[in-house]
Amino acid sequence: MHQNFGDFVNEVRVRFAPSPTGYLHVGGLRTALYNFLFARKNNGKFILRIEDTDRNRYVEGAVENLIASLKWCGLEYDEGPDRECGFGPYMQSQRLDLYKKYAQELIEKGHAYYCFCTPERLQVLKEEQAVQKLPQAKYDKHCFALSKTEIDEKLASGIAHVVRLNVIPNQKIVFNDIIRNRVEFDSSNVDDQVLIKGDGYPTYHMANVVDDHLMKISHVIRGEEWLSSTPKHVLLYDFFGWEKPIFAHLPLLLNPDRSKLSKRQGDVAVEDYRAKGFLKEALVNFVALLGWNAGDDKEFYYMNELIESFSLERVNNSGAVFDLEKLNWINAEHLRKKSDSDLLILLKEEILNSSPRSTQGEAGQFSILNFTDEYLFQVISAMKERVSFVKEYLTKSPYFFVAPTEYEEASKLKSWKPETPEQLKALRNKFAELTNPSKEDFETALKQTVADLNIGVGKIIHPLRLAVSGQSAGPGMYDLLFILGKDEVIRRIDAAIDKLK
RNA sequence: GGCGCGUUCGUCUAGUGGUCUAGGACGCCGCCCUCUCAAGGCGGAGAUCACGGGUUCGACCCCCGUACGCGCUACCA
């Protein structure tokens with residue numbers, strides 16, 4: 001551990017605390033991942049806590065969705081809503097009485113107070129401050145001046161109220177951050193933050209501090225957007241007399257234009273990337289490297305290697321653009337490193353997903369055909385180096401699954417000469433003589449034909465590829481012939497000669 | 001506006017005072033391999049280290065300022 005932050009003798013306990021807004025954001029994934037890696041690396045606990053304190057933002061099924069995305073990425077949590085371990089409940093909406101109790105304690109100590117101001121008065125106040133061009137707009141502590149009897153009367157009458165933090169101005173608030181080092185604020189710039197809202201729910205700041213303390217969180221690893229409100233949290237810890245966790249504020253993930261990563265400029269949900277066919281290993285690997293590196297040149301990581309190498313001290317302090325190009329590359333790398341049997345499983349899934357029932361029109365074209373594992377293994381070894389996504393086995397080499405019906409026009413113009421049909425015919429007849437031909441047999445037959453015809457190999461191999469696959473690019477010709485098999489090859493040559501007259 | 005954080009090739013980054021005429025990766029370009037396309041190998045273009053001042057024998061690295069970017073500035077998280 002970094003000497004500046006002391007050794008923590010207690011167990012490492014970290015949490016990912018998203019608000020359930022519908023899906024897992026890739027920025028959230030990165031935050032969750034760093035928490036997870038840090039916990040695993042230090043034999044600590046990784047906790048999932050749901051910060052559902054805004055009733056207006058409640059989204060049906062959001063929690064389930066979040067958990068599903070987290071689990072898909074391999075981020076198993078030790079404690080969470082469906083994994084109670086004595087520190088729950090892990091849904092803040094189920095801990096309301098706790099927040100109330102602690103707010104009460106703060107009020108009694110004079111560190112918080114009831115506020116009965118209406119939204120209207122607050123609005124007017126804000127406008128007045130704007131007109132006066134005050135350096136910072138803050139609540140004017142109007143209700144702090146209320147007498148005890150006034151407060152009791154208002155409370156008894158059931159009038160709407162909130163609880164606010166009582167911030168004393170002109171105080172230095174200093175805290176250490178593993179990533180930012182020393183950060184200093186002046187309490188004059190800190191507003192009397194609402195702790196308990198009118199509806200009885202806590203605000204983030206209140207719930208966060210109370211829960212982190214109660215759940216014995218040792219390190220708060222979260223996005224940089226929280227740095228500015230950390231002084232409020234520090235104040236709260238001090239007012240309660242609680243030990244503060246160690247803070248680590250992560251740099252933000254950015255759009256290509258360097259603004260905060262947003263939906264407008266592309267996909268931000270983990271499920272979007274999953275749907276697009278990205279491997280979880282690739283997403284995790286890529287996102288881990290956005291703001292962190294081990295200090296060497298290693299870029300390809302599996303989860304266990306990330307756990308092994310990860311440290312908060314090596315997290316960067318500046319935002320990182322989410323670069324799709326690099327994600328594509330790392331996805332291809334992970335895909336190529338997979339074993340053929342793993343790829344077989346993925347390929348079969350992909351073929352299944354393109355069944356006609358998926359109503360995606362032509363995607364269903366492969367469904368009726370049945371392919372043996374042996375055949376698919378051959379396709380895999382032929383295409384492995386040529387695909388970046390599993391689906392590309394189907395889109396880049398559909399000819400392994402269905403005979404071509406159309407032929408690439410450019411290639412046709414380039415290689416399909418008037419004498420081609422006759423030459424292919426000769427080749428076809430040569431192939432017909434073969435029994436159970438191996439890849440080498442196809443090659444020998446082709447070379448013989450070429451010699452007999454007294455032409456170059458290229459003269460016939462390109463039209464052959466076109467005839468057999470409909471395309472000009474693909475695996476080695478002899479591999480292609482062997483995989484398709486003699487009968488299919490002959491059928492396709494005949495069909496091409498017929499169609500390309 | 002106020003407060004805070006940041007700023008090394010287009011992008012992700014290495015770099016903790018001399019080894020930096022700044023290294024790697026993605027992307028881009030070229031060559032090799034070759035029946036095509038990939039993969040792979042080799043090479044190239046690409047960063048006056050945001051700018052300006054200091055400190056120092058010496059600064060990407062330390063200090064100050066400026067600019068720019070981002071975040072926060074809610075009874076949202």
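Letters A, B, ... mirror the listed sequences (proteins, then strands); counts begin at 1. Atom set for the values below is all heavy atoms of this structure, side chains included, hydrogens, waters and symmetry mates excluded.
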Describe the nucleic acid contact of [X] in one word from base, sugar-phosphate, nothing, applying a heavy-atom distance below 4.0 Å.
X      : answer
A:R258 : sugar-phosphate
A:T53  : sugar-phosphate
A:V457 : nothing
A:P475 : base
A:R465 : base
A:S229 : nothing
A:F185 : sugar-phosphate
A:G476 : base
A:P202 : sugar-phosphate
A:S228 : base
A:G474 : base
A:R314 : sugar-phosphate

Does a side-chain N or O from [X] land closer than 4.0 Å to OP1 or OP2 of [N], or not?
X      : N     : value
A:N316 : B:U13 : yes
A:N293 : B:A14 : yes
A:R164 : B:C75 : yes
A:N317 : B:U7  : yes
A:K232 : B:C72 : no
A:K197 : B:C76 : yes

Could you give the CD-to-C1' distance, from A:E333 to B:G27, as a whole number of Å?
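Between C1' of B:G27 and CD of A:E333: 14 Å.
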
Using atom OH of A:Y478 as one end and atom P of B:U34 as the other, report the distance to the nearest whole Å.
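Value for this atom pair: 13 Å.
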
Tell me the closest heavy-atom pair linking A:R465 and A:L480, and the distance in Å.
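For A:R465 versus A:L480, the nearest heavy atoms are NH1-CD2, 3.8 Å.
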
Pairwise [atom1] distance, [M] and [N] [rounded to whole Å]:
N     : M     : atom1 : answer
B:C68 : B:C32 : C1'   : 45 Å
B:G2  : B:U56 : C1'   : 37 Å
B:C70 : B:G18 : P     : 35 Å
B:G69 : B:U8  : P     : 15 Å
B:C64 : B:C72 : P     : 26 Å
B:G53 : B:G43 : P     : 39 Å
B:C60 : B:U16 : C1'   : 11 Å
B:U21 : B:U66 : C1'   : 30 Å

Tell me if the aromatic rings of A:H213 and A:Y102 count as close, with their centers under 6.0 Å from one another.
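No, they do not, as the ring centres are separated by 6.0 Å or more.
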
Are A:F278 and A:F389, when compared by the centres of their aromatic rings, separated by less than 6.0 Å?
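Yes, the ring centres sit under 6.0 Å apart.
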
Quick one: does NZ or CZ of A:K141 land under 6.0 Å from the six-membered ring centre of A:F144, within 45 degrees of the ring axis?
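So A:K141 does make the cation-pi contact.
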
Quick one: do the A:D186 and A:Q171 side chains pair a donor with an acceptor below 3.5 Å?
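Checked: A:D186/A:Q171 side chains show no N/O donor-acceptor pair below 3.5 Å.
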
Ignoring hydrogens and geometry beyond distance, is a side-chain donor-acceptor pair present between A:H111 and A:N166 at under 3.5 Å?
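Absent: no donor and acceptor within the cut-off.
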
Can you tell me the pairing partner of [N] across any strand shown, Watson-Crick or G-U wobble, with both distances under 3.5 angstrom?
N     : answer
B:A39 : none
B:A25 : B:U11
B:U19 : none
B:C70 : B:G4
B:C49 : none

Below 4.0 angstrom, N of the basic side chain to O of the carboxylate: do A:E443 and A:K447 qualify?
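Between A:K447 and A:E443 there is a salt bridge, with a charged N closer than 4.0 Å to a carboxylate O.
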
With hydrogens left out and only the distance checked, is there a donor-acceptor pair under 3.5 Å joining A:K384's side chain and the base of B:A39?
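It does not, because no donor-acceptor pair links the side chain of A:K384 to the base of B:A39 below 3.5 Å.
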
Residue closer to the 5' end of RNA chain B, A:K396 versus A:L289 (nearest nucleotide)
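Going by which nucleotide is closer to the 5' end, it is A:L289.
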
With RNA chain B as reference, determine whether A:E184 or A:T203 sits nearer its 5' end, using the nearest nucleotide of each.
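Nearer the 5' end of the strand: A:E184.
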
Has A:K417 got more than 12 heavy atoms of other residues, nucleotides or ligands less than 6.0 Å from its NZ?
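Counting neighbours around NZ of A:K417, more than 12 heavy atoms of other residues, nucleotides or ligands fall under 6.0 Å, so yes.
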
